[in-house]
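Notes follow once the structure below has been shown.
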Amino acid sequence: MNGPNSAPLDTRVVIGSAVLRNPTIAASGCYNRGAEFGAIVDVSRYGAVTLKSITRHPRLGNDMPRIATTPAGMLNAIGLQGPGIEYFLTHEAPKLTSVPTAVIASVAGFTVDEFADVAAAMDGLPNVVAIELDVSCPNVDREGECFAAEATSLARVVEAVKSRVKLPVIPKLMPNVADLKPIARAAQEAGADAVSLINAVRGMVIDVVRARPMLANRSGGLTGPAIRPIAVHAIWEVAQTITIPIIGIGGVEKGSDALEFLFAGATAIGIGTANFRDPLVHVKVTEAIELEMQRRGASSVGQLTGLAHPGFAGKPGARGAPVATKETQA
Ligand SMILES: Cc1cc2nc3c(=O)[nH]c(=O)nc-3n(C[C@H](O)[C@H](O)[C@H](O)COP(=O)(O)O)c2cc1C
């Protein structure tokens, strides 16, 4: 969308060795391989599609009901339903060549070895450019504490996966912690190439007729616009802590939401729940980012990253090299 006299806009973003055509990424669990959406929208307008998290063994997921509506988002407790890595490799992985954009594989596990083994099996699959780690799962070796809740556990997972794969590794951090900063720092020090944040926020809805929790699992993960300010704050804090790229996720529904994430310090934008309501959301977000680049005279999208931080623009960094734009060069 360049004007007749404008310089070409570079919407590419870099996550480790992966170069995405634009900063929009379909979030894990909300897009599968994009095949269902491909019938109605142009999936190639996504910079990448993140697959539903895969575990070592097949999982039936939680009992129904698994989804409840809330005033500004949805609550889900799917329970990592999936076919397991063997079935995935035989039946699903060969179809990844038909995904018309980059693919980010997602791994979930309940032990460090499970993460490392499943990630190693994903490394080198066609079209797969990076591996995201859903570290919000309970660690069975540590009395069920989530890997992403504690810096040492998270670092062990990242180190183990990094030792087994060549692709960029992206742990996905969760907001239900007292302080995200040491956890993000541990991820970077363990060799993570980027971090995704945030995963769903824990919540509950009670059915007042039955006087019982709405979800069979009782609690679930809150997603959608209700969690966007939590995500913006998490991106802001973590951007001041680490230098690797941040994939900001949580409640993005329109262009200005994505700009908030970029200005808070995100390099790329994950979009989950909004796909269910508006399958064109990624196209609208990309176009809004391009318009903002033109408005600010930014030739590359990385120049928008971190703009809201006082004194941040212009600092060289691995996060997309934010540099001063016309408006910040006062
Ligand atoms: C139905 C559903 C299933 C999800 N499954 C996964 C999953 O398997 N792995 C994962 O890392 N995140 C999963 N997520 C979390 C999303 O990837 C994302 O982090 C979260 O929904 C916040 O973004 P949003 O507000 O744009 O939806 C799921 C979210 C939803 C709504």
Side-chain angles (χ1 to χ4, degrees), residues 24-37 39-41 43 46 49-55 59-82 104 106 108 132 134-138 146 148 172-177 196-235 247-258 260-261 266 268-285:
T24 60
I25 301 177
S28 178
C30 303
Y31 220 67
N32 200 10
R33 281 178 289 106
E36 298 82 354
F37 287 86
I40 46 173
V41 291
V43 175
Y46 257 122
V49 166
T50 313
L51 303 178
K52 171 77 185 165
S53 300
I54 298 284
T55 50
R59 289 175 59 86
L60 289 173
N62 292 326
D63 289 341
M64 308 278 180
R66 298 166 167 189
I67 287 184
T69 51
T70 73
M74 65 185 250
L75 196 70
N76 89 83
I78 307 296
L80 290 173
Q81 179 183 342
I104 299 176
S106 172
E132 189 174 79
D134 180 3
V135 272
S136 305
C137 313
C146 294
K172 182 171 182 182
L173 308 186
M174 60 177 206
N176 291 98
V177 294
S196 289
L197 52 103
I198 56 176
N199 212 322
V201 179
R202 212 167 294 140
M204 185 185 264
V205 174
I206 291 190
D207 177 344
V208 292
V209 176
R210 292 187 300 119
R212 291 281 180 280
M214 193 73 94
L215 300 180
N217 189 55
R218 298 182 184 158
S219 67
L222 180 64
T223 64
I227 70 169
R228 192 167 56 241
I230 300 172
V232 172
H233 180 248
I235 296 163
I247 300 172
I249 314 174
V252 170
E253 295 195 301
K254 55 188 185 307
S256 60
D257 304 337
E260 277 196 69
F261 279 24
I269 313 294
I271 306 174
T273 307
N275 290 295
F276 302 138
R277 211 169 58 181
D278 178 8
L280 281 171
V281 56
H282 60 304
V283 177
K284 294 174 186 167
V285 164

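Annotation for Ile40: atom CD1 counts as buried by contact number, over 12 foreign heavy atoms lying within 6.0 Å.
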Begin with the C-alpha distance, continue with both residues' side-chain angles, and end with the deciding distance and a verdict on side-chain contact (heavy atoms from CB on, under 4.5 Å) for Asn176 and Val201. CA-CA 6 Å; Asn176 291 98; Val201 179; 4.3 Å; yes

Test log, rule side-chain contact (heavy atoms from CB on, under 4.5 Å), inputs Val281 and Asn275: CA-CA 6 Å; Val281 56; Asn275 290 295; 3.6 Å; yes

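Here the shortest heavy-atom pairing between Phe261 and Ala231 reads CZ-CB, 3.7 Å. Between Pro225 and Pro229 the shortest heavy-atom distance is O-CD, 3.8 Å. The heavy-atom pair separating Ala77 from Gly220 by the smallest distance is CB-CA, 4.1 Å. Minimum interatomic distance between Ile230 and Pro175 (heavy atoms only, all atoms of both residues): CG2-CB, 4.1 Å. Nearest heavy-atom pair, Ala234 versus Ile198, reported as atom, atom and distance to 0.1 Å: CB-CG2, 3.7 Å. Nearest approach of Asn32 to Val49, heavy atoms of both residues: O-CG1, 3.8 Å.
Leu215 has its side chain within reach of Leu75: a pair of non-hydrogen atoms, C-beta onward, lies under 4.5 Å apart. Side-chain contact between Arg59 and Gln81 is absent, with no heavy-atom pair separated by less than 4.5 Å. The side-chain heavy atoms of Ile25 and Ile104, taken from C-beta on, include a pair separated by under 4.5 Å. Residues Tyr31 and Leu51 are not in side-chain contact: their nearest non-hydrogen atoms beyond the backbone lie 4.5 Å or more apart. Between Val41 and Val283 the shortest side-chain heavy-atom distance does not fall below 4.5 Å.
Distance check: Ile54 CD1 to Asp134 CG gives 11.5 Å after rounding to the nearest 0.5 Å. The line from CG of Leu60 to CG of Leu80 is 12.5 Å long, rounded to the nearest 0.5 Å. For the atom pair Ile67 CD1 and Met74 CE, the distance stands at 4.0 Å (nearest 0.5 Å). Ile78 contributes atom CD1, which lies 10.5 Å from atom CG of Asn217 (distance to the nearest 0.5 angstrom). The distance from the CD1 atom of Ile249 to the OG atom of Ser196 is 4.0 Å, given to the nearest 0.5 Å. Of the inter-residue distances, the one linking Thr24 atom OG1 with Ile269 atom CD1 reads 8.5 Å to the nearest 0.5 angstrom.
Ring geometry for Tyr46 against His282 counts as parallel: the plane angle stays under 30°, on a 0 to 90° scale with 60° as the upper cut.
For residues 218-233, the salt bridge (Lys or Arg N to Asp or Glu O under 4.0 Å) pairs, not counting sequence neighbours, are Arg228-Asp257. The salt bridge (Lys or Arg N to Asp or Glu O under 4.0 Å) analysis of residues 62-80, with sequence neighbours excluded, yields no pairs.
Shown are Ser136, Ser28, Cys146; of these, the side-chain contact (heavy atoms from CB on, under 4.5 Å) with Asn199 is made only by Ser136.
Under the 3.5 Å distance criterion, with hydrogens and angles disregarded, no donor-acceptor pair is assigned to the side chains of Ser106 and Thr50.
Taking the side chain to side chain contact (heavy atoms under 4.5 Å, CB included) definition, one finds that Arg277 meets it with Glu253, sequence neighbours left out.
Under 4.0 Å is where a charged nitrogen must lie from a carboxylate oxygen, and between Lys284 and Asp278 at least one such pair does.
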